[in-house]
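Lettering of chains follows the sequences in order, A, B, ..., and the numbering in each one begins at 1. The figures here come from the full heavy-atom set of this structure, side chains too, leaving out hydrogens, waters and symmetry mates.
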Protein chains: 2
Amino acid sequence: MFDTHDVVDSRQPTASTPEFIPPAQSPPLSAMEALVRALPLQRRRLKAKQYVFRAGQPRHTLHLIHAGVFKTSVLSEDGREKITGFRLRGELLGLDALDMATYACDAVALDVGEVWELPCAHLRETVPEFQELLTAALASEIRRDWGWMLALGTLAAEQRVAAFLLDLTARLGALGFSPLCMTLRMTRADVGNFLSLQLETVVRALSHLQALGLIRIERREIRIEDPAGLAATLSASRACH
Amino acid sequence: MFDTHDVVDSRQPTASTPEFIPPAQSPPLSAMEALVRALPLQRRRLKAKQYVFRAGQPRHTLHLIHAGVFKTSVLSEDGREKITGFRLRGELLGLDALDMATYACDAVALDVGEVWELPCAHLRETVPEFQELLTAALASEIRRDWGWMLALGTLAAEQRVAAFLLDLTARLGALGFSPLCMTLRMTRADVGNFLSLQLETVVRALSHLQALGLIRIERREIRIEDPAGLAATLSASRACH
DNA sequence: CGAGTGGTTGAATTTCTTCAAGGCTCGTGG
DNA sequence: CCACGAGCCTTGAAGAAATTCAACCACTCG
């Protein structure tokens, strides 16, 4: 059922090789990353399209993203797929299955990346703040999901795309990247799947936002030309009545 | 901002008056209910349309539903609303704000109901299994949300309504109610909001499912005439291609 | 009994999807 | 080095599904 032929990946035996110590220019660390950075964690490098784990596989650890962009997705029995989120540095993969024996979703790298494997049970006992952070991460994932449910349920196609861009830039900004310029690591089809739109609709929305002078597109590079204007497209809503 | 004029409600001073001891015919209890039923909890009765809490209010406890049906909803700054779920006995209200000082959603009773206020911090220390259950509840809320994101993103209107009915009957069945007959405690507009459909669309979907002989509608009473047939409508999907 | 809430149905409209065709970019192999 | 193919992106035109608008009914509650 779950062929793991493409999950083979390079693992660093036990601990940190020097060049892996968090880069000196390191931007604001996530609380979780700050908590565990000193520990000798299993680190795992992944190339684009490699799976961190797949739904149904036995669950062994939580994965903290240290670099790269990942997507998580769920699949129905009859093959319908839905991307549940795009995940950046400092975020956790596998949270949703904390109480289960197997993973509940797929997690796959969108480009080269690195995850740290957190020995969850051990950390819970030895690091008091860990449980705290875990609970916070779970609760904020719920709020994040609800936020997107709200967006998808009440915004028209173009607004959803705008909301998507704004969300991404905000999160990248929080990681220390330029908040006005970004590289989409996912395809238009991925964006469409996440936003419950067809890829053509995403393309048209992007083209139109560019025509309005709000963004500038060049392949997967997107520059926000008018952040305020982009944000303003969200309020004028379909839910006018 | 948050007028609480309709949140006043009858509180039982400290502990259980005799008639409140869980009914003798009690069906399968939720794990959480079993864990705390012996404790002297603050119990709170609510009438239809009363709020358990509202977004922005200071958070004091978790609320365990002991009776009744509740809905939780989030609101955007510009007034768009989205119902994030309908909650039954044994489920927790306020989970999503566990790490915050204020509630993150509204929780309102759809008919008469009762919630038990869980002294979260205290339980965490004294009852070892409590943290475990809490984590499980958080994780399954995430999976539940993802399941609905998948459904809303990949199913057509009529299929969403069918999925909604099947979900409700399954959950009511797990509580010991008849799995074939139920009373919707929410309006068509509520169902539509939850499923990201207009209320007219919900009505048409229900009418059509009835015309197909799969269900029988009488006001808010709904009987599942053909559970298998209803479930079968889910697979033949829009995501055919 | 009258008003109001909630539910139902029809017809017109809109938005998004579907289908089709073509172009761009990058990596691979000749 | 160039050609070629695959994957990804873009645009147009036709079609379908759901929304919007409008009217009306049924039941309940004061």
*asked:* Please report the distance, rounded to the nearest Å, between CZ in R220(B) and P in dC27(D).
replied: 14 Å

*So does E33(A) pair up with R89(A), basic N to acidic O under 4.0 Å?*
yes

*asked:* Whole angstroms only, please: what is the CD-C1' distance between E221(B) and dG7(C)?
replied: 15 Å

Side-chain atoms of residues 201-209 of chain B: list all donor-acceptor pairs with protein atoms under 3.5 Å, sequence neighbours left out, distances to 0.1 Å.
from    : atom 1 : to      : atom 2 : distance (Å)
S207(B) : OG     : V203(B) : O      : 2.9
H208(B) : ND1    : E158(B) : OE1    : 2.5
H208(B) : ND1    : E158(B) : OE2    : 3.1

*For T72(B), what residues pass the side chain to side chain donor-acceptor pair (under 3.5 Å) criterion, not counting sequence neighbours?*
T84(B), R87(B)

*R185(A) CZ - dC9(D) P separation (whole Å)*: 13 Å

_Interatomic distance where NZ belongs to K49(B) and C1' belongs to dG4(C) [whole Å]_ = 10 Å

*Can you find a side chain N or O atom of T201(B) that sits less than 4.0 Å from OP1 or OP2 on dT19(D)?*
yes

*Let me know the distance between CG of L197(A) and P of dA17(D), rounded to the nearest Å.*
18 Å

_Between dG6(C) (P) and L110(B) (CG): distance, integer Å_ = 12 Å

*Quickly work out the H208(A) NE2 to dC16(C) C1' distance and round it to whole Å.*
15 Å

*Under the side chain to side chain contact (heavy atoms under 4.5 Å, CB included) test, residues paired with T187(A) that sit two or more places apart*: A189(A), D190(A), R220(A)

*Contacts of type ring-ring contact (aromatic ring centres under 6.0 Å, His included), residue F194(A), not counting sequence neighbours*: F86(A), W148(A)

*Who pairs with T169(B) by side chain to side chain donor-acceptor pair (under 3.5 Å), at least two apart in sequence or on another chain?*
none

_What contact category does T187(B) fall into here, base, sugar-phosphate, or nothing, at under 4.0 angstrom with non-hydrogen atoms?_
sugar-phosphate

Expected rows: protein N/O vs nucleotides 8-11 of chain C N/O, under 3.5 Å:
from    : atom 1 : to      : atom 2 : distance (Å)
dT8(C)  : OP1    : R188(B) : NH2    : 3.4
dT8(C)  : OP2    : R188(B) : NE     : 2.8
dT8(C)  : OP2    : R188(B) : NH2    : 3.2
dT9(C)  : OP2    : S207(B) : OG     : 2.7
dG10(C) : N7     : R204(B) : NH1    : 2.9
dG10(C) : O6     : R204(B) : NH2    : 3.3
dA11(C) : N6     : R204(B) : NH2    : 3.4

*Taking atom P of dC9(D) as reference, at what distance in whole Å does atom CD of Q198(A) sit?*
14 Å

